[in-house]
Amino acid sequence: MLTKASLALLDALSAGREATPDELATETEYSQDHIYDILDELLEDGLLTEARGSKNRRLVRVTDHPVVEAYRDLRSKLGHVDWTEILSPATLRVCWYLDEPRRVTEIAERLDITRQGVHNALSPLKHRAMLSPSGPEYALTNDLSPLLTFAREVVTHEHRSRARKLAPSATVEWCDPKRALVRVQTSEDTTALESAAEWRVTGLARFQEYGLQFFLAGEPAFWYAPDEDLTPSEVVCHTLVLDSGSRRVSYSMLLIEKLDIDQEPLIETATWYDLETAVAAMYRPLHGDFEVSEDLPIFLPSESEFSALKEQYGVS
């Protein structure tokens with residue numbers, strides 16, 4: 001996660017200029033040793049590139065990385081704000097959840113931190129009138145959408161970097177500050193993530209654990225959520241995030257039926273994936289209502305199709 005020192009360097013270089021580590025140390029007032037450490041991290045992450053100038057001096061400049069571009073946009077539209085003073089790693093993580101009004105307790109539970117920790121992270125935003133309170137809930141004000149975009153680019157980049165250290169072909173399909181759903185493209189990367197303690201197979205490939213074996217085209221998807229159980233509700237949501245086509249919807253309904261997954265907790269899980277309306281629609285035929293409606297967010301199987309699928313896989 002980007003630190004204040006990282007942001008200070010991006011600030012100094014955001015106009016596209018080249019600079020030496022010594023020049024950056026003077027401008028930012030960080031020690032040369034600390035500047036070198038931060039530069040190495042940003043170079044490794046692809047946010048900076050370097051060349052050699054006269055007398056073999058080291059010169060660095062920003063790249064067109066999505067994180068850099070999002071920060072440029074933030075500074076361009078809200079340049080009067082000193083973002084290095086406001087945006088700690090904790091504040092960036094909390095910003096992820098401020099796209100809509102949310103309670104502090106809700107954010108604390110998702111981040112697995114205390115409510116006081118959330119309040120501390122919100123404090124710099126509160127003091128600058130950047131939050132729009134609605135009762136006990138908080139959200140970013142409408143003109144702060146560039147901040148939300150930047151926070152999400154930073155979090156996504158953090159997950160992508162973590163995954164690609166083990167699996168270079170990994171792409172992030174969904175994430176929040178603590179969790180990530182990724183795809184890989186090679187069998188070598190699949191083996192690498194299967195061997196990693198913090199990564200677990202999910203999506204359709206996970207169904208075999210519940211007695212449902214399907215043909216899998218390509219490599220399986222993987223889930224990163226340290227210290228959390230991978231529940232059947234999460235597996236259903238991951239399956240739909242990866243592919244919401246009619247076959248995957250039918251397979252997900254089959255898993256719900258086989259495991260008798262309650263509607264309320266599944267919809268609660270689905271809200272984090274923007275799938276609550278899709279999941280609610282899937283329960284209609286499970287409750288016996290196979291009537292076709294044009295306003296459904298997904299394509300549901302007919303009664304005969306679903307009955308045949310249940311019979312094929314022995315789900316009563």
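All figures in this text were calculated on a predicted structure; none of them were measured in a lab. Just the heavy atoms: all of them, side chains too, but no hydrogens, waters or symmetry mates, feed the values below.
- Defined by atom type and a distance below 3.5 Å, a donor-acceptor pair is missing between the side-chain atoms of D22 and T20.
- The local environment of CZ in R284 is crowded, with over 12 non-hydrogen atoms from other residues, nucleotides or ligands closer than 6.0 Å.
- There is no side-chain donor-acceptor pair under 3.5 Å between E276 and T271.
- Ring geometry for Y273 against H238 counts as perpendicular: the plane angle is over 60°, on a 0 to 90° scale with 30° as the lower cut.
- Below 30°, between 30° and 60°, or above 60°: for F306 and F290 the angle between ring planes is between 30° and 60°, a tilted geometry.
- In terms of modelled atom types and a separation under 3.5 Å, the side chain of S169 and the main chain of Q185 share a donor-acceptor contact.
- Under the 4.0 Å criterion applied to side-chain N and carboxylate O atoms, R183 and E219 are not assigned as salt-bridge partners.
- No side-chain donor from either of S31 and D33 sits under 3.5 Å from a side-chain acceptor of the other.
- Between W199 and F222, the distance separating the two ring centers is not shorter than 6.0 angstrom.
- Checking V155, D73, L74 one by one against F150, the side-chain contact (heavy atoms from CB on, under 4.5 Å) holds for a single residue, L74.
- Ring geometry for H119 against Y138 counts as perpendicular: the plane angle is over 60°, on a 0 to 90° scale with 30° as the lower cut.
- Ring geometry for Y251 against Y313 counts as perpendicular: the plane angle is over 60°, on a 0 to 90° scale with 30° as the lower cut.
- Both the sub-6.0 Å distance and the 45° axial angle are not jointly satisfied by R75 relative to the ring of W83.
- Around the CD atom of E29, the shell of radius 6.0 Å holds no more than 12 heavy atoms that belong to other residues, nucleotides or ligands.
- Annotation: side chain to side chain donor-acceptor pair (under 3.5 Å) contacts of Q116 (sequence neighbours excluded): N120.
- E209 and K258 are not joined by a salt bridge, as no carboxylate oxygen comes within less than 4.0 angstrom of a charged side-chain nitrogen.
- With a 6.0 Å radius and a threshold of 12 heavy atoms from other residues, nucleotides or ligands, Q312 has its CD atom above the threshold.
- Residue E106 is tested with R110, R102, R103 for a salt bridge (charged side-chain N to carboxylate O under 4.0 Å, His left out); the sole match is R102.
- A donor-acceptor distance shorter than 3.5 angstrom exists from the side chain of R200 to the backbone of A225, with no hydrogens or angles considered.
- The local environment of CZ in F299 is sparse, with at most 12 non-hydrogen atoms from other residues, nucleotides or ligands closer than 6.0 Å.
- Remark: E85 engages no residue in a salt bridge (charged side-chain N to carboxylate O under 4.0 Å, His left out) (not counting sequence neighbours).
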